[in-house]
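Just so it is clear, the model here is predicted, and its values are computed rather than measured.
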Amino acid sequence: METATNTAVIGAPEITTATTWAIDPAHTTVEFSVKHLMVSTVKGRFTGVAGTLVVDEQDPTRSHADITIDAATVDTREDRRDAHLKSADFLEV
């Protein structure tokens, strides 16, 4: 005759291995480059950036970023172009 046994499995508490990093605007660069008329490349940057990075080394799929870029801080080193980029034609800021 067979005897049935019931086994209860109790899980261990989840251990968090994530580390949260604050973005340091003084040491962070958000840059871009765009082809203009397929002749030249316009380069620029955004100077207003903030946010956090959460890195889980044990399970990278749980890592994520929360980043905010202030579009009004666009800088292409050309005031007229920057004003146009900030207009309703592009970023509307």
Side-chain angles (χ1 to χ4, degrees):
M1 176 185 268
E2 293 182 32
T3 305
T5 58
N6 293 329
T7 306
V9 177
I10 300 173
E14 185 175 327
I15 299 171
T16 303
T17 59
T19 303
T20 301
W21 300 89
I23 292 176
D24 179 1
H27 294 96
T28 303
T29 305
V30 176
E31 298 177 326
F32 62 90
S33 62
V34 180
K35 285 284 189 188
H36 178 68
L37 301 174
M38 300 308 290
V39 176
S40 64
T41 301
V42 175
K43 294 182 179 182
R45 64 186 177 149
F46 293 95
T47 57
V49 60
T52 57
L53 300 172
V54 178
V55 179
D56 188 331
E57 292 185 22
Q58 297 294 74
D59 184 1
T61 64
R62 297 181 72 163
S63 299
H64 62 275
D66 179 19
I67 301 170
T68 303
I69 300 170
D70 182 359
T73 65
V74 65
D75 177 19
T76 62
R77 296 188 220 176
E78 173 56 51
D79 291 340
R80 287 181 48 203
R81 179 173 43 226
D82 292 348
H84 190 204
L85 288 172
K86 293 175 187 179
S87 76
D89 290 343
F90 292 98
L91 302 173
E92 196 167 9
V93 292

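- In terms of heavy-atom proximity, T41 sits nearest to S33 at CG2-CB, 3.7 Å.
- When hydrophobic clusters are built by joining Ile, Leu, Val, Met, Phe, Trp and Tyr residues whose side-chain heavy atoms come closer than 4.5 Å, directly or via intermediates, V93 is grouped together with F90.
- Although no hydrogens or angles enter the test, the distance criterion places a donor-acceptor pair under 3.5 Å between the side chain of D82 and the main chain of T76.
- Around the CG atom of D24, the shell of radius 6.0 Å holds more than 12 heavy atoms that belong to other residues, nucleotides or ligands.
- Here the closest non-hydrogen pair linking D75 and R77 is OD1-N, 3.0 Å.
- Note on V74: it clusters hydrophobically with V49, by side-chain heavy-atom contacts below 4.5 Å among ILVMFWY residues.
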| said: Does D59 form a side chain to side chain contact (heavy atoms under 4.5 Å, CB included) with T17? I'd like the steps, not just the answer. | reply: CA-CA 8 Å; D59 184 1; T17 59; 5.9 Å; no
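- The shortest heavy-atom contact between I23 and P25 is O-CD, 3.2 Å.
- The hydrophobic clustering, which links ILVMFWY residues whose side-chain heavy atoms are closer than 4.5 Å, places L91 and I69 together.
- Rounding to the nearest 0.5 Å places OG1 of T68 at 13.0 Å from CZ of F46.
- Taking every heavy atom of both residues into account, T73 and G48 meet most closely at OG1-N, 2.9 Å.
- A distance of 15.0 Å separates NE2 of H84 from CG of D79, quoted to the nearest 0.5 Å.
- Separating the CG atom in D66 from the OG1 atom in T52 is a distance of 5.0 Å, to the nearest 0.5 Å.
- Taking CZ from F32 and NZ from K43, the interatomic distance works out to 11.5 Å, rounded to the nearest 0.5 Å.
- Here the closest non-hydrogen pair linking S63 and D56 is OG-N, 2.8 Å.
- Between L53 atom CG and T20 atom OG1 the span is 9.0 Å, to the nearest 0.5 Å.
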